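This report refers to the structure that appears directly beneath it.
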Amino acid sequence: MSDCLFCRMVSGEIAPDVVRETDRTLAFRDVNPQAPTHVLVIPKEHHATVGAVAAADPQLAAELLGAAQAVAEQEGLGTADSPEPGWRLVTNSGPQAGQSVHHVHLHVLGGRGMTWPPG
Ligand code: DGP
C-alpha cells in the first residue's frame with residue numbers, strides 16, 4: 001500500500017533504524033521511544049491489526065511473536081526461558097487503543113521498570 005508508512009519502510013522508500021530483519025518481518029526503533037528499548041516489529045505484508053494477520057495468516061502471526069522474542073534477546077531484555085530483566089509486548093488495535101499506524105506492529109518495550117496499567 002503506497003500510502004502506508006510502514007509499507008514504505010518495507011519497500012525501502014523510507015529507511016528506519018532496523019534492528020532485525022527476516023524474510024517476512026522487519027523490526028526497527030520507534031521514532032518516539034517510550035522506554036530505553038522501544039522497537040516495532042511488523043510483518044512485511046500489509047495487515048491492519050494483529051487480529052487481521054492472525055485470521056489471514058496464523059503462521060505469520062506466530063513469526064511476529066518469535067521476532068519480538070528475538071528482538072528482546074538481542075536487546076538484552078531476557079530469553080524465552082529466563083525473561084530477565086523483562087520486557088513488555090504491546091499492540092494497539094483501533095481508535096480507543098490509540099492505534100495511529102494502520103499496519104500491524106508489536107511494540108517491544110524494555111530497559112526500565114513498568115507499572116500496569118500503563119497511563
Ligand atoms: P501505535 O500508536 O500503536 O499505532 O504506534 C505507532 C508507533 O509508530 C508510535 O509509537 C510512533 C511510531 N512511528 C510513527 N511514525 C514513525 C516513523 O516515521 N518512524 C518510526 N521509526 N516510528 C514511527
Side-chain angles (χ1 to χ4, degrees):
M1 289 175 71
S2 58
D3 60 343
C4 169
L5 174 65
F6 290 171
C7 286
R8 292 167 71 198
M9 292 180 179
V10 171
S11 73
E13 185 185 340
I14 297 173
D17 183 359
V18 173
V19 300
R20 188 174 184 275
E21 183 170 10
T22 66
D23 285 351
R24 301 222 288 166
T25 70
L26 186 66
F28 53 89
R29 297 198 189 281
D30 195 291
V31 75
N32 183 25
Q34 302 301 308
T37 293
H38 189 168
V39 174
L40 302 177
V41 180
I42 67 168
K44 291 183 176 178
E45 188 175 286
H46 185 91
H47 297 276
T49 65
V50 70
V53 71
D57 190 340
Q59 174 61 35
L60 181 55
E63 286 180 36
L64 282 179
L65 285 178
Q69 177 62 54
V71 166
E73 291 191 27
Q74 197 174 307
E75 295 289 312
L77 300 175
T79 65
D81 292 336
S82 178
E84 299 288 342
W87 55 289
R88 178 171 288 166
L89 187 62
V90 172
T91 187
N92 297 317
S93 298
Q96 283 202 329
Q99 184 178 8
S100 60
V101 179
H102 298 281
H103 180 133
V104 58
H105 47 284
L106 307 184
H107 297 256
V108 173
L109 296 151
R112 65 166 170 82
M114 285 180 243
T115 56
W116 188 265

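For ligands, and for the atoms within them, numbers begin at 1 and follow the listed sequence. For the numbers below, each heavy atom of this structure counts, side chains included, while hydrogens, waters and symmetry mates do not. Just so you know, these numbers come straight off a predicted model, no measurement behind them.
Residue Leu40 holds the heavy atom nearest to atom 8 (O) of ligand 1 of all those in Leu40, Val39, Ile14, Leu5.
Judged by distance alone, the side chain of Gln69 and the main-chain N or O of Gly78 form a donor-acceptor pair under 3.5 Å. The backbone N or O of Asn32 lies less than 3.5 Å from a partner atom in the side chain of Gln34, making a donor-acceptor pair. Side chain of Gln74 to main chain of Arg20: no donor-acceptor pair is present (N/O by atom type, distance under 3.5 Å, no hydrogens or angles). Side-chain atoms of Lys44 never come within 3.5 Å of backbone atoms of Ser11 as a donor-acceptor pair (strictly under, hydrogens ignored).
Some N or O of His107 is nearer than 3.5 Å to an N or O of ligand 1, by distance alone. At least one N or O atom of Asp30, backbone or side chain, sits closer than 3.5 Å to an N or O atom of ligand 1. Ligand 1 has no nitrogen or oxygen under 3.5 angstrom from a nitrogen or oxygen of Pro16.
Regarding atom 2 (O) of ligand 1, its nearest protein heavy-atom neighbour is Gly98 O, 2.9 Å. Looking only at protein heavy atoms, the nearest one to atom 13 (N) of ligand 1 is Val31 CG1, 3.7 Å. The shortest contact between atom 4 (O) of ligand 1 and any protein heavy atom is with Ser100 N, 2.7 Å. Nearest protein heavy-atom contact of atom 1 (P) of ligand 1 is His105 NE2, 3.1 Å. Scanning all protein heavy atoms for the shortest distance to atom 21 (N) of ligand 1 gives Arg29 O, 2.9 Å.
Following chains of ILVMFWY side-chain contacts shorter than 4.5 Å, one cannot reach Phe28 starting from Leu89, and the two form parts of different hydrophobic clusters. Both Leu65 and Leu77 belong to a single network of hydrophobic side chains, linked directly or stepwise wherever heavy atoms of I, L, V, M, F, W or Y lie under 4.5 Å apart.
Atoms of ligand 1 found under 4.0 Å from any heavy atom of Met9 (numbered from 1 in listed order, with element): 17 (C), 18 (O), 19 (N), 20 (C). Ligand-side atoms of ligand 1 in range of Val101: 4 (O), 6 (C), range being under 4.0 angstrom from any heavy atom. If you number the atoms of ligand 1 from 1 as listed, the ones under 4.0 Å from a heavy atom of Gln99 come out as 4 (O). Residue Asn92 approaches ligand 1 through these ligand atoms, each under 4.0 Å from one of its heavy atoms: 1 (P), 2 (O), 3 (O). The distance from ligand 1 to the heavy atoms of Phe6 drops below 4.0 Å at these ligand atoms: 8 (O). Proximity to Phe28 (heavy-atom distance under 4.0 Å) selects the following atoms of ligand 1: 21 (N).
Aromatic pair His103/His47: ring centres not closer than 6.0 Å.
Annotation: the span from Glu21 atom CD to Asp23 atom CG amounts to 8.5 Å, rounded to 0.5 Å.
Closest heavy-atom contact between Gln99 and Thr49: OE1-CG2, 3.8 Å.
The closest side-chain donor-acceptor pair between Ser82 and Thr79, if any, does not fall under 3.5 angstrom.
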